Amino acid sequence: MSAEINTKYDPVAVEDKWYDFWNKNGFFHSEPDSRPAYSIVIPPPNVTGVLHMGHMLNNTIQDVLVRRARMKGFNAVWVPGTDHASIATEAKVVNYLKEQGIDKKVLTREEFLKHAWEWKEKYGGIILKQLRKLGASCDWERTKFTMDPDMSEAVIDVFVDLYNKGKIYRGVRMVNWDPKALTAVSDEEVIYKELQSKLYYVRYRIEGEDNEYITIATTRPETILGDTAICMHPDDERYAKYKGKRAIVPLVNRSIPLIYDEYVEREFGTGALKITPAHDINDYNLGIKHHLETINIFNDNGTLSEKAQFLVGMDRFEAREAIIPMLEKAGNLVKIEDYVNKVGFSERTNEVIEPKLSMQWFCKMGELAKPALDAVMNGDINFYPEKFKNTYAHWMENIKDWCISRQLWWGHRIPAYYLPNREFVVAHNADEALNIARQKYPELSLTINDLQQDEDVMDTWFSSWLWPLSVFDGIRNPDNEEIKYYYPTSALITAPDIIFFWVARMIMAGMEWRGRIPFKDVYFTGTVRDKLHRKMSKQLGNSPDPIMLMEKYGADGVRFGMLLSSPAGNDLLFDESLCEQGRNFSNKLWNAFRLVKGWEIDATIEQPLHTATAVKWMQNRINEVLAEVEENFKRYRLSETLMSIYKLIWDDFCSCFLEVVKPAYQKPIDGKTYKEIVDVFEKLMTILHPFMPFITEELWHSLRERSEKETIMLVAMPEIADTDQKLLDEFANARKVIEQVRRVRNEKNIAQKHALRLNVYADQESCKPEFDAVIAKLCNIENIEYKGNCDVDGASFIENNVQYSVPLTGFVDAAEEIKKLESDLKYAEGFLQNVLKKLSNERFVNSAPQQVVEMERKKQSDAEEKIRIIKEQLSKLK
RNA sequence: GGGAGCUUAGCUCAGUUGGUUUAGAGCAUCUGCCUUACAAGCAGAGGGUCAUAGGUUCGACUCCUAUAGCUCCCACCA
């Protein structure tokens, strides 16, 4: 039997073969047509990225949804692409050049960009190749990059549009400065971490007094050099006497005012706060309010500038150390305490953020946010899980303007052109800018050479927020067929940590430029963690390489593992054993196939009764599960869906159905059954296909002769049909009986080979031959007999209030039987008591719904009957 | 400091508006099996006073209050 087929399924060879087959035949490609559209745009990974477990989870989910949609009759498209990720990519290219001995500083902008593009062409987008291993059914012909010419045009269009609407402005503000990347970053790109640091108490002499001091507490003593005030609470009696006086900044001996503001917490430190308006956002605000001087003591790279007067050129952290002995020597240091505070780090470079005053471009968010907030709150857009609605609402209601300029070269350059008169115009290109400028300032007689384009580029998210629009050319060409057909997209699958960066802004962009939501559903995946609940990270080395995992367990196995334990929004505690389970499942399928494929068919044989029953049951079970699957998909409960399919195949199809229909050893199978088995098998592969695309395609092709271009990918998903609940219930009861007989075998240690008899203590007319046939087949029972009375000659059990007994002369230990029956009796009596307690409660009988009361009465009579049977049996044994 | 959420078997989680035979699943565990598809397997079994304490109710895993512990988000008091 099937000796030529290996008992182990080997996914590696199979998977590459089918991926090529799908891709070559264009099964992933979509063009608008008369069918309803289903569209997903990939969250574009960084062009520098390599596949990690988070991508695996995210993209597996997208693939499942897209594949299912295709099979449900939708014209499904999954648009892939990459993000230019300005900071990350620029940093990578700078490092790469450094390794080649090239310093970015000696390059012109054009030279650097040439290198960057070369790097991108050579090393970028690896991740898209890796996604193919996973089986991702992306429409590769549509692959986009956020800096493709058309995508870039859309970004510029949007910038100009917003500028013309008065929603983009330029101004000097306190921004989050990344001294390593030498650029501003947005508030969302700052991550606060708790650090063990020190709180330094430093005293400032009161001007005009020899021995009067005010002591302040600070975590950043180096910024003392930029102090321009000391602030205290107006009601703080300790400091009331200094009103109107000034203090002397240590070391630099600058005279600064003492100011009073309710912002100061009297309880913190000494209740006196040093003010450095150039280097702290709160100090900055106080500075504006109290008209303070601003002294910027840092260079852009975080070293101290000339303005500091001391420690010039030294890094800010070294300066923090170095200034302490200086303060001590000058007699200003009072004490140092340990202190835990939170420090902002740059998301991209992990450098400590330095608040810095600088000229930046901002986008006004208030008006953009309103319709986007409504779209989510009124249910036009659904979040899964729903709890993220709160997070979203809170952010949207408190939204701040978006700093969109970055002091980088890699990205979309801000389309603002400066004129010799220090004015600027915003335009799609230099020519347009020149025209506008000439109209505005005819007296200047400008030429193109007088225009100086802004040096900054835009925040990467300023292009990503257009993604669902721009991949279908919806900005430049809003009436094109594609955007009309595919937009809004059907679902967005992403991680909750970019809800503000990306999700919220895409909704704003969709409402602003199309007046419509960009997607109907947002599914937030959890974070992939290790078994110890730690985030996957390079530093910890706890992140497995997905490619290696796929080689070891097959892409199907890894997909199975990722999906089985990842309900929406829940973290996924990844463990290789999950993939192992997936691989084992593949192997199970493979062996089920081997079994079926090995049978000889004899068309002359009649279909046995047990087989006919099993086939009917299996078809009903499939329908039952199909309904569950449908319901679960609606709620994006993919784990539950996969689990019910898994159980359907393993427990129902393999463990039960195939065992029933399996012909006796070396005997052929009848033709009708064989065809029905193949139909069922095929149907199961179809239902499973979105989850495990490779093995299902392989087996689907092997079960029947197929033409060269046929694929399971495009087979219609089976429709939900009505189920015969009575049949399902009766079969379930038969399975319970089967379990009981098997338990008897187990306990008495009777081999399966040894045929048994089964006595049923019920009337002959209650006999259901079709189910008895199934029981007989699976338990190796030679005869099932209906008797009126119960015997004591065997191991007995009760199922659905019918008593059964397996006659086993010589195997039965009466004492043991009694013990078992007594324990059953105790349970049944306890149960009955519970029910009676309820029923004897008048208020329950009066106030509970009729149905519930009847249910309890049924419970009562069932329990009483069970007790009667047990007692009868016990009396006979005794 | 503000907000959201979580706490159900050893682990990871279901449990739909309070009532479906005194709580379910997968994995893990235990027992017996190399039974002619699969030991990456087969058959069977054990395991939970649903975080704690109150309350509402005829009835609470489910609703309310308090407490404890955990997670995440926002704010960023030097």
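The structure displayed is predicted, hence computed values, not measured ones. Here is the naming used below: chain letters follow the sequence lines, and residue numbers restart at 1 for every chain.
- Using a 4.0 Å heavy-atom cutoff across all strands shown, Pro849(A) reaches at least one base atom of the nucleic acid.
- When heavy atoms are screened at a 4.0 angstrom cut-off, Leu273(A) is found touching base atoms of the nucleic acid.
- More than 12 heavy-atom neighbours from other residues, nucleotides or ligands sit within 6.0 angstrom of NZ on Lys777(A).
- Between Arg637(A) and G15(B) there is a side-chain N or O to OP1 or OP2 distance below 4.0 Å.
- Note on Lys647(A): only backbone sugar-phosphate atoms sit closer than 4.0 angstrom, heavy atoms only; bases stay farther off.
- For the C1' atoms, the distance from C74(B) to C61(B) is 32 Å, rounded to whole Å.
- Asn398(A) comes within 4.0 angstrom of no nucleic acid atom, judged by non-hydrogen atoms across all strands.
- Only the C1' atoms considered, U35(B) is 15 Å distant from G44(B), to the nearest whole Å.
- As rounded to whole Å, 18 Å separates atom P of G19(B) from atom CD of Gln850(A).
- When distances run from any side-chain atom of Asn749(A) to the nucleotides U12(B), G32(B), U21(B), the shortest one goes to G32(B).
- Residues Tyr384(A) and Tyr636(A) bring their aromatic ring centres within 6.0 Å.
- Separating the C1' atom of C30(B) from that of G10(B) is a span of 13 Å, rounded to the nearest Å.
- Taking the six-membered ring where the residue is Trp, the centroids of Phe653(A) and Phe681(A) are separated by under 6.0 Å.
- The side-chain heavy atoms of Lys198(A) and Asp338(A), taken from C-beta on, include a pair separated by under 4.5 Å.
- For Glu386(A), the CD atom sits in a loose shell: 12 or fewer heavy atoms of surrounding residues, nucleotides or ligands are nearer than 6.0 Å.
- Among the atoms of the strands shown, only primed sugar atoms or phosphate atoms (P, OP1, OP2) are found under 4.0 Å from some heavy atom of Tyr646(A).
- A sub-4.0 Å separation between OP1 or OP2 of A14(B) and a side-chain N or O of Asn570(A) is present.
- Between the CD1 atom of Ile867(A) and the C1' atom of U21(B) there is a distance of 12 Å, given to the nearest Å.
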For residues 840-854 of chain A, tabulate all N or O donor-acceptor pairs below 3.5 Å that involve a side-chain atom, not counting sequence neighbours.
| from | atom 1 | to | atom 2 | distance (Å) |
| --- | --- | --- | --- | --- |
| Ser840(A) | OG | Leu836(A) | O | 3.0 |
| Ser840(A) | OG | Lys837(A) | O | 3.1 |
| Asn841(A) | OD1 | Arg843(A) | N | 2.9 |
| Asn841(A) | OD1 | Phe844(A) | N | 3.4 |
| Asn846(A) | ND2 | Glu842(A) | O | 3.2 |
| Ser847(A) | OG | Arg843(A) | O | 2.2 |

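- Stem analysis of RNA chain B (at least three stacked-register Watson-Crick or G-U pairs, each with both distances under 3.5 Å) gives B:1-7 with B:68-74, B:10-13 with B:24-27, B:29-33 with B:41-45, B:51-55 with B:63-67.
- Note on Arg868(A) versus Glu865(A): salt bridge recorded, some NZ/NE/NH1/NH2 to OD/OE distance being below 4.0 Å.
- Remark: Glu659(A) pairs with Lys662(A), Leu778(A) by the side chain to side chain contact (heavy atoms under 4.5 Å, CB included) rule, at least two apart or across chains.
- Base contact: Ser847(A) has a heavy atom under 4.0 Å from a base atom.
- Note on Tyr201(A): nothing from the nucleic acid sits closer than 4.0 angstrom, heavy atoms only.
- Separation of the Phe560(A) and Phe691(A) ring centroids does not fall under the 6.0 Å cut-off.
- Stacking of Lys342(A) on the aromatic ring of Tyr192(A) is not recorded, the 6.0 Å distance cut-off and the 45° axial limit not both being met.
- Only Arg742(A), Arg743(A), Asn746(A), listed by number, bring a heavy atom of residues 740-747 of chain A to less than 4.0 angstrom from any atom of RNA chain B.
- Nucleotides A14(B) and G32(B) have their P atoms positioned 36 Å apart, rounded to a whole Å.
- A salt bridge is absent between Glu188(A) and Lys400(A); no separation between the charged side-chain nitrogens and carboxylate oxygens falls under 4.0 Å.
- If you take atom C1' in G15(B) and the same atom in A25(B), they sit 10 Å apart, rounded to whole Å.
- The residue among Phe500(A) and Asp862(A) whose nearest nucleotide of RNA chain B is located toward the 5' end is Asp862(A).
- Residue Met536(A) is tested with Thr527(A), Leu572(A), Val528(A) for a side chain to side chain contact (heavy atoms under 4.5 Å, CB included); the sole match is Val528(A).
- Near RNA chain B, meaning a heavy atom under 4.0 Å from it, residues 836-844 of chain A has Asn841(A), Arg843(A), Phe844(A) in order of number.
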Dump the pairs, protein N or O against N or O of nucleotides 39-42 of chain B, anything under 3.5 Å, distances to one decimal.
| from | atom 1 | to | atom 2 | distance (Å) |
| --- | --- | --- | --- | --- |
| A40(B) | O4' | Asn584(A) | OD1 | 3.1 |
| A40(B) | O2' | Asn587(A) | ND2 | 3.1 |
| A40(B) | N3 | Arg583(A) | NE | 3.1 |
| G41(B) | OP1 | Asn584(A) | ND2 | 3.2 |
| G41(B) | O3' | Lys588(A) | NZ | 3.1 |
| C42(B) | OP1 | Lys588(A) | NZ | 2.6 |
| C42(B) | OP1 | Trp650(A) | NE1 | 2.7 |

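- On a pure distance criterion of 3.5 Å, a polar donor-acceptor pair joins the side chain of Glu659(A) and the base of A37(B).
- Contact annotation for Glu386(A): no contact, since no heavy-atom pair falls under 4.0 Å across all strands.
- The interatomic distance linking Trp395(A) (CH2) with C73(B) (P) rounds to 15 Å, in whole Å.
- Under the 4.5 Å side-chain criterion, counting only non-hydrogen atoms from C-beta, Trp177(A) is not in contact with Val185(A).
- For Tyr827(A) and U22(B), the shortest distance from a side-chain N or O to OP1 or OP2 is below 4.0 Å.
- Heavy atoms of Glu265(A) sit under 4.0 angstrom from at least one base atom.
- With contacts defined as side-chain heavy-atom distances shorter than 4.5 Å, the pair Tyr804(A)/Gln740(A) does not qualify.
- One finds a side-chain N or O of His533(A) lying less than 4.0 angstrom from the OP1 or OP2 phosphate oxygen of U12(B).
- Here the separation of A4(B) from G47(B), taken at their C1' atoms, is 34 Å to the nearest Å.
- Nucleic acid contact class of Lys531(A) (heavy atoms, under 4.0 Å, all strands): none.
- For U20(B) and G24(B), the P atoms lie 11 Å apart once the distance is rounded to whole Å.
- Within 4.0 Å (heavy atoms only), Asn834(A) reaches at least one base atom of the nucleic acid.
- No contact: Arg220(A) has no heavy atom under 4.0 Å from any strand.
- Each of Ile499(A), Asn390(A), Thr391(A) was scored for a side chain to side chain contact (heavy atoms under 4.5 Å, CB included) with Phe383(A), with one residue passing: Ile499(A).
- For the pair Val340(A) and Lys387(A), both in contact range of RNA chain B, the more 5′-proximal nearest nucleotide belongs to Lys387(A).
- The main-chain N or O of Leu292(A) is never found under 3.5 Å from a side-chain atom of His290(A) such that the two would form a donor-acceptor pair.
- Nucleotides G59(B) and G18(B) have their C1' atoms positioned 8 Å apart, rounded to a whole Å.
- Using a 4.5 Å cut-off on side-chain heavy atoms (C-beta onward), Leu756(A) and Arg745(A) make contact.
- Considering only the side chain of Lys342(A), C76(B) comes nearest among A78(B), C76(B), A37(B).
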